[in-house]
Every structure is written in C-alpha cells, then in structure tokens.
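The structure appears right after this line, and notes come after that.
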Amino acid sequence: MLKTALHYSHDLLKEVVTEGDLVIDGTVGNGNDTLFLAELVGETGTVLGFDVQEQAIQTTQAILNEAGLNKQVTLYQQGHETLGLVIPAGKKVKAAIFNLGYLPKSDKTIITQSHTTLKALEDLLTLTEDLGRIIVVIYYGHDGGEIEKNAVLNFVKQIPQTQFNVLSYQFINQKNNPPILITIEKKAQKIN
C-alpha cells in the first residue's frame with residue numbers, strides 16, 4: 001500500500017540517518033518528528049529543533065523528557081531561518097525535515113512563511129553533507145498556504161541537478177489539498 005507523506009518522510013530519513021548524526025527539525029510542532037529523529041541519532045547524535053511558538057517547544061520538550069531522549073536535542077524558540085546561525089562551525093547536517101503550514105489544534109493564523117522557509121532551505125543546501133536529505137512536507141490548505149507552496153516548488157525546481165536530486169511525492173486524486181512531500185538529496189561530490 002502506498003504510504004502517506006508522513007510515513008514516507010520517516011522512511012526517507014531512516015535510510016540516511018545513523019547514530020551520531022547532526023539533524024534538524026525545522027518545525028517541531030507537536031514533537032513527533034523531533035522524537036523520531038532523537039531515536040535515530042541516539043545518545044551520540046544531535047537534533048536541533050526550531051519553532052516560533054512556545055506551545056510547540058513546551059509540548060516537544062515534555063515528549064522528549066517522557067521518552068528519556070532530551071539529552072541529544074536542543075530546542076530553539078525561533079524561526080527555522082536562523083538554523084545557519086546555530087549549527088556549529090565546520091559541522092554538516094545529515095538530514096532535515098520541515099512540516100510547512102500551521103501547528104495542528106492551534107492558532108491557524110500563525111503559519112510558516114515562504115521567505116523564512118526559503119532562507120532555511122538555501123542555508124541547508126550548503127550545510128548538508130553528501131548523500132544527506134532535506135525533507136519538506138507542504139501543507140497548503142489554509143490561508144497563505146498556496147503562496148508558500150508555490151514559492152517552495154519554484155525554488156526546488158531551480159536547484160542544480162548536477163549537485164542534488166529533488167523528488168516530489170503526492171497523491172493527486174485526493175480531496176482537500178493532500179500534502180506534497182519534497183525530498184532534496186545532496187549528491188556525492190567528486191574529488192578531483
């Protein structure tokens with residue numbers, strides 16, 4: 001059976017993330033992806049999580065504490081466009097995930113914005129290690145969602161194919177704006 005965007009995103013992460021890796025959750029939301037990443041990187045890895053909403057940070061911290069996976073996670077109550085400022089110098093990111101839209105069961109007027117999302121993606125193109133992946137799940141059935149969806153799709157179409165593979169995954173016969181999963185995979189760079 002075909003997988004939902006959420007389940008497929010986790011499969012794509014499991015294929016590349018190993019213990020000890022540095023990974024990013026660009027939109028911690030209710031903490032599910034953060035928890036998943038913390039399990040993948042283990043005690044020796046690092047998860048950096050970003051969200052502008054205090055509620056998201058508190059919910060995620062509680063989930064991590066309950067699971068005993070808080071040591072490898074640092075949460076930032078700030079936008080994902082700042083990720084380039086907190087990644088340690090000289091470190092590369094193995095994977096990143098973003099769920100664009102709004103925090104479920106919360107204020108639907110607080111949404112991710114195309115200008116901050118594109119800044120984060122631009123930074124990650126240089127900060128991601130070879131064969132690393134950036135996953136963006138675009139939820140767009142809300143006010144402002146269509147603008148961000150179009151901006152992200154236009155951006156990823158321009159990424160050079162000599163350096164990256166870009167995959168789009170979406171159910172096209174479903175009602176109510178089914179999410180679009182975008183995966184950007186950095187190709188191994190040839191050393192001359």
Side-chain angles (χ1 to χ4, degrees), residues 1-13 23-38 47-64 73 75-86 93 95-125 128 133-159 166-185:
M1 179 171 235
L2 293 171
K3 296 189 177 193
T4 65
L6 171 69
H7 289 102
Y8 191 41
S9 71
H10 284 194
D11 286 351
L12 291 165
L13 290 168
V23 297
I24 304 285
D25 186 347
T27 51
V28 300
N30 288 316
N32 298 317
D33 287 336
T34 313
L35 179 65
F36 179 72
L37 290 169
V47 180
L48 304 178
F50 298 83
D51 208 296
V52 296
Q53 295 188 70
E54 183 178 2
Q55 174 188 343
I57 298 296
Q58 290 176 349
T59 300
T60 301
Q61 191 65 63
I63 289 170
L64 293 168
V73 179
L75 299 175
Y76 296 91
Q77 188 180 336
Q78 58 197 50
H80 48 231
E81 72 276 12
T82 65
L83 62 83
L85 302 174
V86 301
V93 174
I97 187 163
F98 299 80
N99 286 292
L100 305 181
Y102 59 86
L103 179 62
K105 299 176 185 164
S106 183
D107 183 348
K108 292 181 182 178
T109 64
I110 302 173
I111 61 172
T112 53
Q113 302 286 328
S114 58
H115 66 281
T116 60
T117 300
L118 295 183
K119 168 72 170 123
L121 294 177
E122 285 172 5
D123 287 350
L124 281 170
L125 291 180
T128 301
R133 291 181 178 162
I134 305 163
I135 296 172
V136 184
V137 183
I138 307 169
Y139 295 92
Y140 57 96
H142 57 277
D143 287 343
E146 200 70 37
I147 294 168
E148 186 174 35
K149 176 192 85 165
N150 292 336
V152 170
L153 292 177
N154 288 334
F155 175 80
V156 299
K157 287 176 185 174
Q158 306 304 315
I159 294 174
V166 180
L167 167 80
S168 176
Y169 179 86
Q170 179 189 31
F171 290 97
I172 59 173
N173 67 337
Q174 292 182 357
K175 295 178 185 173
N176 301 322
N177 307 304
I180 303 169
L181 182 147
I182 301 293
T183 303
I184 304 164
E185 181 180 68

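- Residue-environment remark: CG (D143) stays at or below the threshold of 12 foreign heavy atoms within 6.0 Å.
- Between the T82 side chain and the L85 main chain, no donor and acceptor come within less than 3.5 Å of each other.
- Annotation: the span from T116 atom OG1 to Q78 atom CD amounts to 12.5 Å, rounded to 0.5 Å.
- Within 6.0 Å of atom CD1 in I147, 12 or fewer heavy atoms from other residues, nucleotides or ligands are found, so the atom counts as exposed in its surroundings.
- Contact check for D107 versus Y102: no side-chain heavy atoms found under the 4.5 Å cut-off.
- For the pair I110 and L103, the minimum side-chain heavy-atom distance is 4.5 Å or more.
- Other residues, nucleotides and ligands contribute at most 12 non-hydrogen atoms within 6.0 Å of the CD atom of E54.
- One distance of note links CG of L100 with CD of E148; it measures 4.5 Å at 0.5 Å rounding.
- Between L125 and I134 the shortest side-chain heavy-atom distance falls below 4.5 Å.
- Contact check for H10 versus D33: side-chain heavy atoms found under the 4.5 Å cut-off.
- Minimum heavy-atom separation, A5 to L181: O-CD1, 3.1 Å.
- With a 4.5 Å cut-off on side-chain heavy atoms, I138 and L153 count as touching.
- Taking CD of Q77 as the start and CD of Q55 as the end, the distance is 11.0 Å to the nearest 0.5 Å.
- Between the side chain of T27 and the backbone N or O of F98 there is no donor-acceptor pair closer than 3.5 Å.
- Annotation: the span from L2 atom CG to F171 atom CZ amounts to 4.5 Å, rounded to 0.5 Å.
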Exercise. Side chain to side chain contact (heavy atoms under 4.5 Å, CB included) between L48 and L83: does it pass, once the steps are laid out?
Worked result: CA-CA 8 Å; L48 304 178; L83 62 83; over 6 Å; no
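- Remark: the backbone N or O of P178 is paired with a side-chain donor or acceptor of Y140 at under 3.5 angstrom.
- More than 12 heavy atoms of other shown residues, nucleotides or ligands fall within 6.0 angstrom of atom NE2 in H142.
- Side chains of H80 and D25: a donor-acceptor N/O pair is absent below 3.5 angstrom, by distance only.
- Here the closest heavy-atom approach between residue A38 and residue L64 is recorded as CB-CD2, 4.3 Å.
- Taking CG of L6 as the reference point, atom CG of D11 lies at 10.0 Å (rounded to 0.5 Å).
- The two atoms that bring G29 and D51 nearest to each other are N-OD2, 2.9 Å, heavy atoms only.
- Partner of R133 under the side chain to side chain contact (heavy atoms under 4.5 Å, CB included) criterion, chosen from V93, T128, L124, L12: L12.
- Between the T112 side chain and the G101 main chain, a donor and an acceptor come within less than 3.5 Å of each other.
- Closest non-hydrogen pair, F50 versus V86, comes out as CZ-CG2, 3.3 Å.
- A salt bridge is defined here as a Lys NZ or Arg NE, NH1 or NH2 lying under 4.0 Å from an Asp or Glu carboxylate O, and E122 with K119 fails to meet this definition.
- Note that CG of N32 is 11.0 Å distant from CG of L37, once rounded to the nearest 0.5 Å.
- Between the side chain of Y169 and the main chain of K3, a donor-acceptor pair closer than 3.5 Å is present.
- Between I135 and S9, the shortest heavy-atom contact is CD1-O, 3.6 Å.
- Smallest separation of non-hydrogen atoms from G31 and I63: CA-CD1, 4.4 Å.
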